[in-house]
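Each remark here refers to the structure printed beneath this line.
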Amino acid sequence: MTVPSPDAAAFARDLCAYIDASPSPFHAVASAVERLEAAGFEPGTPGDGPGPRYLRSGGSLVAWIRPPGACAGFRVLAAHTDSPNLRLTPNPDRGAHGVRQLGIEVYGGALHNAWLDRDLGCSGRLAVRDGDSATEVLVRLDRAVARVPQLAIHLDRGVNDKGLVLNPHRHLAPVTGLGDLEEGAFLAAVAAAAGVDAADVLGFDLMLHDLTPSTLAGLDDEFVSAPRVDNLLSCHAAVEALCALIRSPAPTPSTPVVALYDHEEVGSASATGAGSPILRSVLDGLLAGAPLDPGASLACSVDGAHAVHPNYRDRHDANHAVELGRGPALKFNASQRYATDAQGAARVRLAAERCGVPLQAYSHRADLRCGSTVGPITASVTGLPTVDLGAPQWAMHSARETCATADPLHLRKLLEELLRS
Ligand code: CO
C-alpha cells in the first residue's frame with residue numbers, strides 16, 4: 001500500500017481541475033494564462049523589459065521571466081497542449097434512418113475503442129465575423145450532445161475473439177439526436193452556446209471530449225483517472241514550476257522559459273507547433289543580438305512515459321520497467337525519437353538529487369516502433385541541448401488515461417529545480 005502524501009494528493013487534484021478546464025488546446029492555453037496572470041505574468045513580447053511575460057498564439061503559448069541583465073542561456077520546459085480526439089469536419093451534419101450524426105476526423109493516434117459509449121461534449125474555437133475581419137471565440141458545450149454507440153454483441157459475435165476493428169469514417173460518426181438531417185443544426189447549437197449568431201461563424205476548430213470528471217482513484221487514491229493526461233499533466237507541472245519562481249523569487253543562472261505547443265500529436269509541423277519559429281523568435285528577442293550560449297542552456301521536453309502495464313509485462317523492456325508513483329522517467333532512444341544524451345541525463349540526475357525526486361529511465365522495446373515528442377524538434381529548431389522526460393502513465397492516447405497521484409508533484413519539483421539551476 002502506497003498512500004500518496006497530502007501535498008501530492010492536493011497537487012493531483014489541482015491537475016484534475018486544470019484538465020477539466022481544458023477540453024481543447026485553446027482552452028489549455030486559456031487555463032494556463034489564468035494561472036500565469038494570477039502569479040503576475042502579463043501579455044507581452046520578448047522586447048519588453050525585465051519581468052514575467054507570455055505570448056499566446058491559438059493552442060500554443062510561450063512564457064518567460066526576463067532577467068534584469070543580458071540573456072545568454074535558457075532553461076526551456078516544452079510540452080504539448082493537444083491530445084488525440086474526434087474533430088468535426090467542415091460540413092459535419094449527416095444522418096440516416098431518422099438519426100442525426102456528425103462527420104468526424106480522428107486527430108492524432110487515438111485508441112478508437114476508447115471513444116465508444118461515452119457522453120461527449122464539444123469544445124474548441126469559432127472564428128466569428130467582426131466587420132471585415134474575424135475574432136476568435138472559445139466555446140464549450142458540457143452537455144452530452146454526442147456519443148458513439150457500440151454495436152451490440154449479438155450483431156458482432158466474433159468481436160471478443162477477433163478484436164474490435166473500427167473504421168474511422170464508417171464506425172466513429174457520433175449520434176447527436178433524432179430527426180431528419182438538417183444542415184447546420186449542430187453548429188447552430190454550438191454558436192448559441194457561444195452567444196454568437198450562427199450566420200457569423202466563418203470558421204471553426206471543434207472537437208469532442210469525454211464529460212466524466214477527472215478524479216483520484218484506487219483504494220487509497222493512488223491513481224489519477226483523467227482524459228488528456230498526455231500531455232496536460234506536463235503543461236500543468238511546467239506552468240506551476242514557472243509560477244513557483246515568481247512566488248519564491250531567487251536569481252536564476254539562466255532565463256526560464258515555458259513553451260506549450262499545439263499539434264504534437266500530428267507531427268508538430270504547423271504555425272503553432274514545435275516545428276514553428278515561435279520559441280526560436282522569443283529566444284532571439286530575449287538574446288537581443290547577444291550570442292546564445294548552448295553550454296549554459298538546457299531544453300526539457302516534458303511528455304508522458306509508458307509505465308509498465310501489469311497485464312502486458314512482455315510489451316516492455318524488462319530493464320526499463322518504469323513504475324507508477326516512482327517519479328518521472330528520463331527517456332532514451334538511440335534513433336533520437338527522444339533527445340536525451342549523456343550530458344543531458346547527467347544534468348537532470350544532478351537536479352533530481354538536489355531536490356530529492358526519484359528518477360527512472362525509459363527505453364522502448366527494441367523491436368517496437370517508438371513514439372516521439374517535441375524534444376528532437378525543439379533541439380533542431382533552437383540548437384539547445386535537449387532532454388526528454390515525463391511522468392509515467394497507462395493507456396496513452398485513450399480517451400481516459402491513468403497516472404499515479406504521487407508523480408505530478410514529483411515532476412513539478414524536478415522542473416522547478418531545473419529552472420532554478
Ligand atoms: Co504526448
Side-chain angles (χ1 to χ4, degrees), residues 15 18-19 22-29 31-32 59-61 76-87 106-112 114 207 209-210 214 224 226-239 258-270 272-276 279 299-307 309 322 324 328-333 335-340 360 362-364 368-379 381 386-404 407-408 411-412 414-415:
L15 166 63
Y18 177 70
I19 289 175
S22 309
S24 77
F26 315 110
H27 290 85
V29 166
S31 333
S60 296
L61 168 85
V76 179
L77 307 178
H80 64 91
T81 57
D82 59 322
S83 302
N85 59 16
L86 307 183
R87 299 208 169 184
V106 176
Y107 176 84
L111 282 166
H112 294 174
M207 57 205 76
H209 61 277
D210 180 20
S214 303
V224 176
R228 304 180 293 281
V229 168
D230 171 15
N231 191 17
L232 295 186
L233 187 163
S234 308
C235 293
H236 173 254
V239 166
V258 165
L260 307 183
Y261 294 115
D262 200 354
H263 298 140
E264 190 272 348
E265 299 292 359
V266 291
S268 296
S270 77
T272 52
S276 76
L279 174 60
C300 303
S301 156
V302 194
D303 205 343
H306 296 293
H309 192 308
V322 167
L324 287 190
L330 264 175
K331 302 192 281 184
F332 298 85
N333 182 261
S335 303
Q336 294 296 298
R337 304 284 290 170
Y338 302 135
T340 317
Q360 311 186 71
Y362 182 77
S363 174
H364 212 59
L368 291 178
R369 195 172 66 87
C370 186
S372 191
T373 69
V374 298
I377 301 160
T378 301
V381 169
T386 304
V387 295
D388 268 284
L389 60 92
Q393 67 164 101
W394 289 322
M396 193 179 284
H397 293 191
S398 171
R400 192 85 183 175
E401 302 172 335
T402 305
C403 67
D407 287 327
L411 181 65
R412 207 274 288 146
L414 177 60
L415 297 183

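Sequential numbering from 1 along the given sequence is applied to the chain's residues. Every number for a ligand or one of its atoms is a count from 1 in the order of the listing.
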Self-check item: Partner residues of Y18 under the ring-ring contact (aromatic ring centres under 6.0 Å, His included) criterion, sequence neighbours left out
Solution: H236
Quiz item: Among all residues two or more places apart in sequence or in another chain, which pass the salt bridge (charged side-chain N to carboxylate O under 4.0 Å, His left out) test with R228?
Solution: none
Practice problem: Search all heavy atoms of A114 against all heavy atoms of A399 and return the closest pair with its distance. | Solution: CB-N, 3.3 Å
Quiz prompt | Listed partners of S363 passing side chain to side chain contact (heavy atoms under 4.5 Å, CB included), at least two apart | solution = H320
Quiz item: Is there side-chain contact between L411 and V302, with at least one heavy-atom pair below 4.5 Å?
Solution: yes
Quiz item: Among protein atoms, how many N/O/S atoms lie less than 2.8 Å from the Co ion (ligand 1)?
Solution: 4
Quiz item: Taking atom types as modelled, is there a side-chain donor on T378 or S301 under 3.5 Å from an acceptor on the other?
Solution: no
